[in-house]
Amino acid sequence: MHEELTGIIETLLYVSGDEGIDVARIATVLELEEDKVSRELERLKEEYEEKGYTLQLMKFGSVYTLTTRPKYASYIERYAKPPERSTLSQAALESLAIVAYRQPVTRSDVEEIRGVNADRALSTLVSKGLVEESGRAKGVGRAILYVTTERFLDVFELESLQHLPSIEEDKEQEVEQMDLFLSNYKDLQGDDE
Amino acid sequence: MHEELTGIIETLLYVSGDEGIDVARIATVLELEEDKVSRELERLKEEYEEKGYTLQLMKFGSVYTLTTRPKYASYIERYAKPPERSTLSQAALESLAIVAYRQPVTRSDVEEIRGVNADRALSTLVSKGLVEESGRAKGVGRAILYVTTERFLDVFELESLQHLPSIEEDKEQEVEQMDLFLSNYKDLQGDDE
Amino acid sequence: MERYQVKLESFEGPLDLLLHLVQQAEVDLYDIPVAEITAQYMTYIHAMQQLELDVASEYLVMASSLLAIKSKMLLPTPELANEDEEWEEWEEEDPREELAMQLDLYRKYKEAANFLQEQSEHREKRYSKSPTDLEQYKDYAEVQEVDEDVDATVTDLIQAFQKMKQRVRMRSPKHTTVEQERHSIEERMTVITNVLADHHAPVSFQQAFAIGEIDRQVTTFIALLQLVKDGDVSCEQEGNFEDIWIQAKGMSVHA
């Protein structure tokens, strides 16, 4: 199981990314002693150091996270810098899609859908003039509401918001029709017998 | 610089996660020839295979992404909340296959092959980000042309359109298709002038 | 009529139905027994009509083409030779050929659709991490420029959205309510009183307590309200959404 465990742990480390993985949660999921998981993580952590892997394994409390090494930080900075022709990051595009399709939305609506913090992505969108504040939500907290701007329509060459292609699921309807047909057909078959 | 380049690329692969990294963008950021970046990514991809690393380096179109290996899927699904899968209807899949093999195609091309209306299937494909409009056909009606997106390659685990298995169409049709493509291409060129 | 009974299955259109009938009959696509297949096809159409379902016009169009082919096949071919060579010379187009080609082509794409289906199932077993938020690496001043062109299309927008939807979630959105229990109100009350004990001046809620996960902030806020209610601390706020300044009232040791 040793090699297998290493693979599982590295897999979970990668998928959880910046969130990191929690020793207790891994132990529960894998039905292993916390001790065993801890030991394997510590062993891995050393291995990453000794072999000088590109990434490093860091421990914060009971959470282990893969992180990049400081010596590569300048490259990440260069990579993060928007290129001449300004594309939007995946984070910004995702948040923009949510605002566009669900507007008006609060920041926490966006976060709920994305599952991660949307603070920076929203402020990027506001600063690019694609999204703007539009009053406040009713109720506790009176959170800021965001909507898309005229510039958004302009950039995405849309006549109006109604011209956004639908992204809602519509397979239900298709299935429904066929089910109706099949159930009728079955009924008929049944009657004949 | 060799080892250094490997480190930089692996760092950027990690940071960009499921968004992946684009050869051209990396080349720009690092001020290197695209060729050199491509070669290094291909070398790394093979190394990950040969050495049986936990993660895999996959190529979808011009984008390289680190992914976990399928054999670990069940552990991830136990540890975290897997996404809800939305499956494509048979109608959508068949239409998608036609677009993929014969692109660019019009709606009526798809309808001719399937013998049924393709309106709905195409709009589903657009809404899933698998197919997009790409200009208009020459001639009467100037019908919308559809092509597959970058995401199409990712969702169907294809390195490129050339990796679609051959379906041996008649030569006649191939010629026809080429003619259509060329005439559209000319048309597009014409529009630019 | 029983032998024409159509297998209960959903069909994607007339070609799909026809292909099914041909494959079921185990005959060569380019040598379809038209009379037999047409009869089966019509049985299916009648069944649909009996069920008072709208038979899509495409099915009816195909029905009439089948009948047309069938009648062409019944016409005597003049000088139908026995020898292959002569046959080739005299050959008129087989009335079935066009349909056969159409079916063949459709069959290929149906197989391609199956291939795609299998590929996507395989792809779904692979996961990747969410991209790291790189905004922190950006110079904020650069981001602030409004005038720069944004190069993105609606397709980019949709692709990003769909990609997000297929991401594995480390913490589900609803998770926060569960995790809330990790920070008990009593514990947060103790933390607040301890912090206040270390300061003689009022402490800013924003700076001292509005950090960490949102559920922790909420718990801290509730703890603060409890302390106010208990008369252990006093709070001042200049207006809505302004920072809250907290000060200990006399002795307040909750330890």
Side-chain angles (χ1 to χ4, degrees), chain A residues 3-19 21-22 25-26 28-31 44 52-56 66-69 71-81 83-84 87 89-91 93-94 97 101 115 164-175 178, chain B residues 3-22 24-26 28-31 44 52-56 66-69 71-84 86-92 120-129 132-133:
Chain A
E3 213 172 292
E4 186 71 357
L5 180 59
T6 311
I8 296 168
I9 286 181
E10 277 189 304
T11 295
L12 294 177
L13 275 168
Y14 173 65
V15 172
S16 61
D18 311 320
E19 301 254 340
I21 55 175
D22 188 82
R25 193 159 155 202
I26 297 252
T28 311
V29 168
L30 302 183
E31 289 167 17
L44 257 178
Y53 288 162
T54 297
L55 298 175
Q56 52 185 348
L66 282 179
T67 69
T68 58
R69 289 190 192 267
K71 65 172 170 177
Y72 295 119
S74 67
Y75 295 101
I76 301 175
E77 261 165 52
R78 272 153 75 179
Y79 185 74
K81 208 168 269 181
E84 302 273 302
T87 51
S89 68
Q90 171 80 13
L93 277 170
E94 285 169 18
Y101 281 96
L164 271 171
S166 145
I167 48 168
E168 303 304 333
E169 303 291 313
D170 60 359
K171 60 178 170 168
E172 246 70 54
Q173 244 176 316
E174 274 174 2
V175 172
M178 206 57 221
Chain B
E3 214 174 289
E4 185 73 354
L5 180 58
T6 311
I8 297 169
I9 285 181
E10 278 188 303
T11 298
L12 295 180
L13 276 168
Y14 175 74
V15 165
S16 59
D18 65 18
E19 195 181 348
I21 60 174
D22 185 86
R25 184 157 168 215
I26 296 287
T28 312
V29 168
L30 302 181
E31 290 166 18
L44 255 178
Y53 289 163
T54 298
L55 298 177
Q56 251 179 315
L66 282 179
T67 76
T68 61
R69 289 187 192 263
K71 65 173 172 179
Y72 294 119
S74 64
Y75 296 103
I76 298 168
E77 283 153 19
R78 269 151 71 184
Y79 185 83
K81 191 181 161 215
E84 283 164 36
S86 62
T87 51
L88 286 173
S89 68
Q90 184 65 19
R120 188 181 201 139
L122 281 171
S123 74
T124 300
L125 294 172
V126 169
S127 76
K128 302 265 183 205
E132 67 180 329
E133 296 182 7

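For B:T11, the parts lying under 4.5 angstrom from a heavy atom of chain A are both the backbone and the side chain. For chain B, no part of A:L164 is nearby; none of its heavy atoms comes within less than 4.5 Å. Both the backbone and the side chain of B:L66 come within contact range of chain A, judged by heavy atoms closer than 4.5 Å. Of the atoms belonging to B:I21, heavy atoms from both backbone and side chain fall under 4.5 Å from chain A. Interface remark: B:L55 contributes side-chain atoms only to the contact with chain A (heavy atom separation under 4.5 Å).
Under the rule for a salt bridge (Lys or Arg N to Asp or Glu O under 4.0 Å), B:R78 has no partner lying at least two apart in sequence or in another chain. With sequence neighbours left out, B:D18 forms a salt bridge (Lys or Arg N to Asp or Glu O under 4.0 Å) with C:R167.
Annotation: maximal heavy-atom pairing with chain B below 4.5 Å, among A:I76, A:I26, A:V29, occurs at A:V29.
Side-chain atoms of A:Y72 do not come within 3.5 Å of backbone N or O of B:E10 as any donor-acceptor pair.
Distance check, rounded to the nearest 0.5 Å: CG of B:L44 to OG1 of A:T54 gives 8.0 Å. Atoms OH and CG, on B:Y79 and A:L12 in that order, are 6.5 Å from each other to the nearest 0.5 Å. In this structure, A:R69 CZ and B:Y14 OH are separated by 12.5 Å, a value rounded to the nearest 0.5 Å.
Nearest heavy atom pair, residue A:P165 against residue B:V126, reads CB-CG1, 4.1 Å.
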